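Comments concern the structure below.
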Amino acid sequence: MLELGRKQRLNVVKLVEFGVYLAKKGEEEEKVLLPAKQVPEGTKQGDELEVFLYKDSKDRLISTIKKPMLEVGELGLLRVIETGKIGAFLDWGLEKDLLLPFKEQTKRVKGGDECLVALYIDKSSRLCATMRVYSYLEKRSPYKKDDIVHARVYEHSEEFGLFAAVDDRYSALIPKKEDFGHIFVGDRIEARVTEVKEDGKLDLSVRKKAYLQIDEDAKHVLNVIDKYKGSLPFTDKASPEVIKRELNMSKNGFKRAIGRLLKEGKVELKENNIQKK
């Protein structure tokens with residue numbers, strides 16, 4: 001059986017003016033065309049060729065000796081050529097561009113963007129790309145707790161946080177408690193592994209270990225206080241939502257930073273505000 005979206009070795013079973021027909025050995029009734037401009041010079045009946053099968057602009061199965069950047073089930077970083085009425089079109093190394101439907105985009109993309117996608121066969125038996133790559137990522141990485149990794153954020157979940165692909169390959173999550181609203185789908189980040197799950201998936205944080213992060217957080221809090229002309233209009237008893245909105249920090253991180261600033265004598269804690277000394 002001919003396999004859409006995969007490279008395979010097929011035999012030349014018929015030569016015609018506009019190309020050659022290929023089939024699997026012993027299955028000559030199911031043939032696919034290799035257009036004349038793709039046929040290697042000197043090709044004759046019975047020769048074996050490695051080709052990739054896809055569908056042309058008229059939705060007909062066709063073969064090519066060109067090697068696409070992706071096969072079905074594979075992940076890759078592809079560039080957006082243009083957008084249209086039904087989605088975006090990606091360069092994947094073949095004459096016919098690859099469709100990334102709107103419903104498979106985790107954020108709207110535009111020409112020139114690069115996006116991590118997987119290749120799949122849709123319900124109409126057409127090859128398409130998807131940015132929803134969770135099920136295509138590997139779960140066993142070489143990384144361990146506290147390793148620094150590079151990842152690409154590919155999807156946002158209100159319930160879980162930010163889904164990311166470490167090395168564009170391994171499954172990872174920036175938990176909701178670590179999402180302070182300054183990281184977005186498509187961003188490339190440097191992060192620290194905070195946990196390796198039993199199934200091999202990684203939890204990540206873009207923050208350093210607490211004792212290393214305090215200095216940076218304290219400087220950040222002082223900068224925000226300066227923007228409020230030296231008096232922050234709430235204390236460390238404020239709600240986590242207020243702290244996240246105003247400082248892009250967790251409440252625990254804020255309290256640790258205020259503790260450092262109090263110890264250094266740089267701020268004074270009042271009943272309803274925090275003042276810079």
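All residue numbers in this chain count up from 1 along the given sequence. Hydrogens, waters and symmetry mates play no part in the numbers below; they use all other heavy atoms, side chains included. In this text, all values refer to a predicted model and were calculated from it rather than measured experimentally.
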With a sphere of 6.0 Å drawn around [atom1] of [X], does it hold more than 12 non-hydrogen atoms of other residues, nucleotides or ligands?
X      : atom1 : value
Glu158 : CD    : no
Lys139 : NZ    : no
Lys96  : NZ    : yes

Side-chain ([X]) to main-chain ([Y]) donor-acceptor, under 3.5 angstrom:
X      : Y      : answer
Asp187 : Ile189 : no
Gln8   : Leu2   : no
Glu104 : Ala129 : no
Asn223 : Ile225 : no
Lys251 : Ala238 : yes
Glu82  : Phe89  : no
Ser171 : Glu138 : no
Thr130 : Arg132 : yes

Answer whether the closest heavy-atom distance between the side chains of [X] and [Y] falls below 4.5 Å.
X      : Y      : answer
Phe163 : Thr106 : no
Lys66  : Gln38  : yes
Phe234 : Ser239 : no
Asp146 : Arg192 : yes
Ile62  : Arg60  : no
Asp217 : Met249 : yes
Arg260 : Val221 : no
Phe184 : Val153 : no

Task: Check against side-chain contact (heavy atoms from CB on, under 4.5 Å), Arg108 and Phe102 - done: CA-CA 8 Å; Arg108 286 291 182 261; Phe102 284 128; 3.6 Å; yes
Pairwise distance [atom1]([X]) to [atom2]([Y]) - rounded to 0.5 angstrom:
X      : Y      : atom1 : atom2 : value
Glu50  : Leu10  : CD    : CG    : 9.5 Å
Lys177 : Lys244 : NZ    : NZ    : 13.0 Å
Arg6   : Leu53  : CZ    : CG    : 11.5 Å
Ser63  : Lys7   : OG    : NZ    : 14.5 Å
Asn11  : Leu22  : CG    : CG    : 8.5 Å
Leu70  : Leu127 : CG    : CG    : 10.0 Å

ILVMFWY network linking [X] to [Y], side-chain heavy atoms under 4.5 angstrom:
X      : Y      : value
Leu77  : Met69  : no
Met131 : Ile86  : no
Val13  : Leu34  : no
Val133 : Val166 : no
Leu116 : Leu98  : no

Task: By salt bridge (charged side-chain N to carboxylate O under 4.0 Å, His left out) - contacts of Lys201 (at least two apart) - done: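 If we apply the salt bridge (charged side-chain N to carboxylate O under 4.0 Å, His left out) test to Lys201, skipping adjacent residues, the hits are Asp199.
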- [ ] For the pair Arg152 and Asp168, evaluate salt bridge (Lys or Arg N to Asp or Glu O under 4.0 Å) and give the outcome as yes or no after the intermediate values.
- [x] CA-CA 6 Å; Arg152 187 183 308 275; Asp168 291 338; 2.9 Å; yes
- [ ] Show the numbers, then the answer: is there a side-chain contact (heavy atoms from CB on, under 4.5 Å) between Leu262 and Val267?
- [x] CA-CA 6 Å; Leu262 287 169; Val267 299; 3.8 Å; yes
Of the non-hydrogen atoms in [X] and [Y], which two are nearest, and what is the gap between them?
X      : Y      : answer
Thr194 : Ser205 : CG2-CB, 3.5 Å
Gln105 : Leu100 : NE2-O, 3.1 Å
Val12  : Val20  : CG1-CB, 4.0 Å
Lys266 : Leu222 : CD-CD1, 4.0 Å
Leu137 : Ala164 : CD1-O, 4.2 Å
Asp226 : Lys276 : OD1-NZ, 2.8 Å

- [ ] Apply side-chain contact (heavy atoms from CB on, under 4.5 Å) to Glu17 and list each qualifying residue two or more places apart in sequence or on a separate chain.
- [x]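 Counting only residues at least two positions away or on another chain, Glu17 forms no side-chain contact (heavy atoms from CB on, under 4.5 Å).
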TODO: Could you pull out all residues at least two apart from Val193 that satisfy side-chain contact (heavy atoms from CB on, under 4.5 Å)?
DONE: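 Result, side-chain contact (heavy atoms from CB on, under 4.5 Å) vs Val193: Tyr143, Asp147, Val149, Val196, Leu202, Leu204.
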Short N-O contact, [X] and [Y], less than 4.0 angstrom:
X      : Y      : answer
Arg188 : Glu114 : no
Glu246 : Lys227 : no
Asp203 : Lys197 : yes
Lys24  : Glu30  : no
Lys277 : Glu268 : no
Glu48  : Arg9   : yes

- [ ] Mind checking ring pair (Phe, Tyr, Trp, His ring centres under 6.0 Å) for Tyr21 and listing every partner two or more places apart, or none if nothing turns up?
- [x]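 Listed in chain order: nothing, the list is empty.
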Open item on the list: Can you list, by chain and residue number, the hydrophobic cluster partners of Ile148 when the side-chain cut-off is 4.5 Å?
Closed with: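 Answer for Ile148: none, a lone residue.
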TODO: Using side-chain hydrogen bond (donor to acceptor under 3.5 Å, both in side chains) as the criterion, list what pairs up with Tyr54, not counting sequence neighbours.
DONE: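 So Tyr54 forms no side-chain hydrogen bond (donor to acceptor under 3.5 Å, both in side chains) with any residue.
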TODO: Please lay out, stage by stage, how Val72 and Leu4 fare under the test side-chain contact (heavy atoms from CB on, under 4.5 Å).
DONE: CA-CA 8 Å; Val72 168; Leu4 176 66; 5.9 Å; no
Open item on the list: One pair to check against side-chain contact (heavy atoms from CB on, under 4.5 Å): Ile274 and Leu269. What are the steps and the verdict?
Closed with: CA-CA 5 Å; Ile274 299 171; Leu269 192 61; 3.5 Å; yes
